[in-house]
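Report on the following structure.
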Amino acid sequence: MFKKILIANRGEIAMRIIRTAREMGIKTVVVYSTADATSLPVRFADEAVCIGPANSKDSYLNIPNIISAAEITNADAVHPGYGFLSENANFSRTCQKHGLKFIGALPEHIDKMGDKATAKATMKLAGVPVVPGSEGILKSLEEAEKIADEMGFPIMLKATAGGGGKGMRAVWKKEDLTDAYNSAVMEAENAFGNGDMYMEKLIEEPRHIEIQIAGDQYGKACHLSERDCSIQRRHQKLVEETPSPFMTDELREKMGEAAVKAAEFIGYEGVGTIEFLVDKHRNFYFMEMNTRIQVEHPITEQVIDYDLIREQIKLASGDKLSGVNHYPKLHSIECRINAEDPYNNFRPSPGKITNLNIPGGHGIRVDTHIYSGYTIPPNYDSMVAKLIATAQTREEAINKMRRALDEFYIEGVKTTVPFHRQLMDDPDFIAGNYTTKFMESFVLDEKYKMEEEEED
Ligand code: MV4
């Protein structure tokens with residue numbers, strides 16, 4: 001087992017990894033930028049190494065400085081968390097070259113799943129349902145027109161180097177295809193240096209339901225059930241829950257089996273997530289595979305009583321999987337609390353937290369790195385806490401979430417707490433009646449802000 005893990009990340013996920021490593025008797029080193037010198041992970045890790053200035057590209061994305069920090073502290077493994085370098089094949093390879101175990105995916109899997117057309121072709125070979133569309137990359141606009149005519153509109157154009165909603169165009173009518181194709185190629189070339197596009201039938205009003213998987217170094221994989229992540233704004237997840245209110249036992253078996261088949265087909269090592277689009281008839285289609293731990297992993301941990309970071313570390317150290325699949329015994333919902341102003345188009349609201357009350361009580365978990373007096377830097381992602389409510393039933397979990405949100409005071413900055421509080425009163429959310437289109441019609445109600453303002 002590893003003696004010392006270097007955590008190449010910051011914020012709540014760095015705290016999350018420090019906690020499990022400590023429970024396993026593993027020393028931790030955290031790297032930090034000058035903007036994070038007063039952060040909680042720096043305080044709680046066994047060692048901390050400043051690797052550069054606030055700007056991510058000179059610190060958290062600076063591979064030579066991170067590798068140097070691992071060498072001077074004699075770390076034997078590196079945990080990348082999520083975001084930053086967690087799906088950077090070159091970082092995974094560089095760790096390998098320096099004798100550091102990368103507690104993430106193998107470089108070849110990061111590359112293969114990072115190229116979306118290749119990922120899709122691989123899944124098709126594995127027998128996983130994929131959205132009907134082009135066979136790989138479109139060779140020309142003419143080919144795009146031909147395939148679109150054969151399939152019928154609407155269609156979706158996607159950049160193979162994209163993902164997470166980047167470099168994607170929905171096209172509803174034939175006359176719009178040329179402009180959409182040309183602008184999508186241009187955007188993808190500028191954003192990713194790769195303008196290759198593929199085409200799919202557009203799935204209307206889909207749900208985003210993902211399956212957690214784990215694979216060991218001996219070819220075995222298992223699934224740990226689903227997470228419904230359909231409530232998103234501009235491709236940013238806001239709320240996630242498990243079990244999905246749209247799931248049936250039969251659909252869970254079929255999606256779980258497909259996810260395990262995919263993982264075993266590529267010989268996946270580590271924890272990962274297979275994202276599916278699910279249409280209103282409960283047909284499911286491969287969307288993307290994430291080769292990292294995800295922000296929303298805690299809701300899975302809560303309902304199957306499992307530590308996924310511990311699993312990551314054990315699998316990276318060569319442990320075998322028992323191979324059994326895991327099913328939800330409870331219901332868990334996560335609200336991502338961002339330092340953003342929901343009443344001003346969710347614009348970021350960094351700054352000093354002048355007063356803080358963190359909710360608690362039975363069934364409430366808060367994964368966070370903030371503390372009273374902490375200054376939220378403007379340089380990074382705006383998420384400051386994950387509030388997770390778990391109960392026997394969905395109704396009880398929603399009720400618990402309402403109570404916890406009413407206790408959650410973060411003063412000195414604006415946060416999305418009032419937005420989440422309103423969401424927990426929304427009839428469609430309460431009915432579990434939502435798709436990825438939900439936020440397009442959600443109207444913020446100042447009433448919830450008033451409660452916030454009155455408290456201030
Ligand atoms: C789609 C789709 C409809 N049809 N593909 C969005 C980002 C990336 N995960 C793929 N995405 C989509 N792909 C086809 N063929 C709709 C989306 C989509 C979406 C998917 C999941 C969660 C939120 C979304 C928001 C907008 C579009």
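Both counts, for ligands and for their atoms, begin at 1 and track the order of listing.
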- [ ] Report, in ascending order of atom number, the atoms of ligand 1 lying under 4.0 Å from any heavy atom of His208.
- [x] 21 (C), 22 (C)
- [ ] Report yes if the distance between the aromatic ring centroids of Tyr32 and Tyr60 is under 6.0 Å, otherwise no.
- [x] no
- [ ] Could you check atom 2 (C) of ligand 1 against the protein and tell me its nearest heavy-atom contact, residue, atom and distance included?
- [x] Met156 CE, 3.4 Å
- [ ] To the nearest 0.5 Å, tell me how far Leu61 CG sits from Asn88 CG.
- [x] 8.0 Å
Task: Ring centroid separation Phe91 to Phe84 under 6.0 Å - done: no
TODO: Determine the sole option in Met287, Met255, Met247 for which the side chain to side chain contact (heavy atoms under 4.5 Å, CB included) test with Val278 is passed.
DONE: Met255
- [ ] Would you tell me which option among Lys437, Glu275, Glu200, Arg207 has the nearest heavy-atom contact to atom 15 (N) of ligand 1?
- [x] Glu200
Open item on the list: For the residue pair Asp279 / Asn283, report whether a side-chain donor-acceptor contact shorter than 3.5 Å exists.
Closed with: yes
Task: Polar contact flag for Thr436 and ligand 1 (N/O pairs, less than 3.5 Å) - done: no
- [ ] Using the test side-chain contact (heavy atoms from CB on, under 4.5 Å), find all partners of Lys261 that sit at least two apart in sequence or belong to another chain.
- [x] none
Open item on the list: Can you confirm whether more than 12 heavy atoms, excluding those of Lys124, are under 6.0 Å from its NZ atom?
Closed with: no
Open item on the list: I need the nearest protein heavy-atom contact for atom 10 (C) of ligand 1: residue, atom name and distance, please.
Closed with: Met287 SD, 3.5 Å
TODO: Would you mind telling me if ligand 1 is within reach of the side chain of Glu204, the backbone, both or neither, using heavy atoms under 4.0 Å?
DONE: neither
Task: Pairs where residues 428-439 contributes a residue and the test side chain to side chain donor-acceptor pair (under 3.5 Å) is met, not counting sequence neighbours - done: Glu241-Tyr434
TODO: Mark up the atoms of ligand 1 that fall under 4.0 Å of a heavy atom belonging to Gly164, in ascending order.
DONE: 7 (C)
Open item on the list: Under a 3.5 Å threshold, yes or no: a donor from one side chain and an acceptor from the other, between Ser244 and Glu226?
Closed with: no
Task: Numbered atoms of ligand 1 (with element) below 4.0 Å of Leu202, judged on heavy atoms - done: 4 (N)
Task: Close N or O approach (Lys201, ligand 1; < 3.5 Å) - done: yes
Open item on the list: Among all the protein's non-hydrogen atoms, which is closest to atom 11 (N) of ligand 1, and how far away is it?
Closed with: Met168 SD, 3.5 Å
Open item on the list: Quick check on Lys158 - does any of its heavy atoms sit under 4.0 Å from an atom of ligand 1?
Closed with: yes
TODO: Output yes when the distance from some N or O of ligand 1 to some N or O of Gln232 is under 3.5 Å, and no in every other case.
DONE: no
Open item on the list: Within the 4.0 Å heavy-atom shell around Gly165, which atoms of ligand 1 are there?
Closed with: 7 (C), 8 (C)
Open item on the list: Side chains of His223 and Gln212: any donor to acceptor distance under 3.5 Å?
Closed with: no
TODO: Between Ile203 and ligand 1, find which residue part has any heavy-atom pair under 4.0 Å and reply side chain, backbone, both or neither.
DONE: both
Task: Minimum-distance protein heavy atom relative to atom 25 (C) of ligand 1 - done: His235 CE1, 3.5 Å
Task: ligand 1 N/O within reach of Glu288 N/O, cut-off under 3.5 Å - done: yes
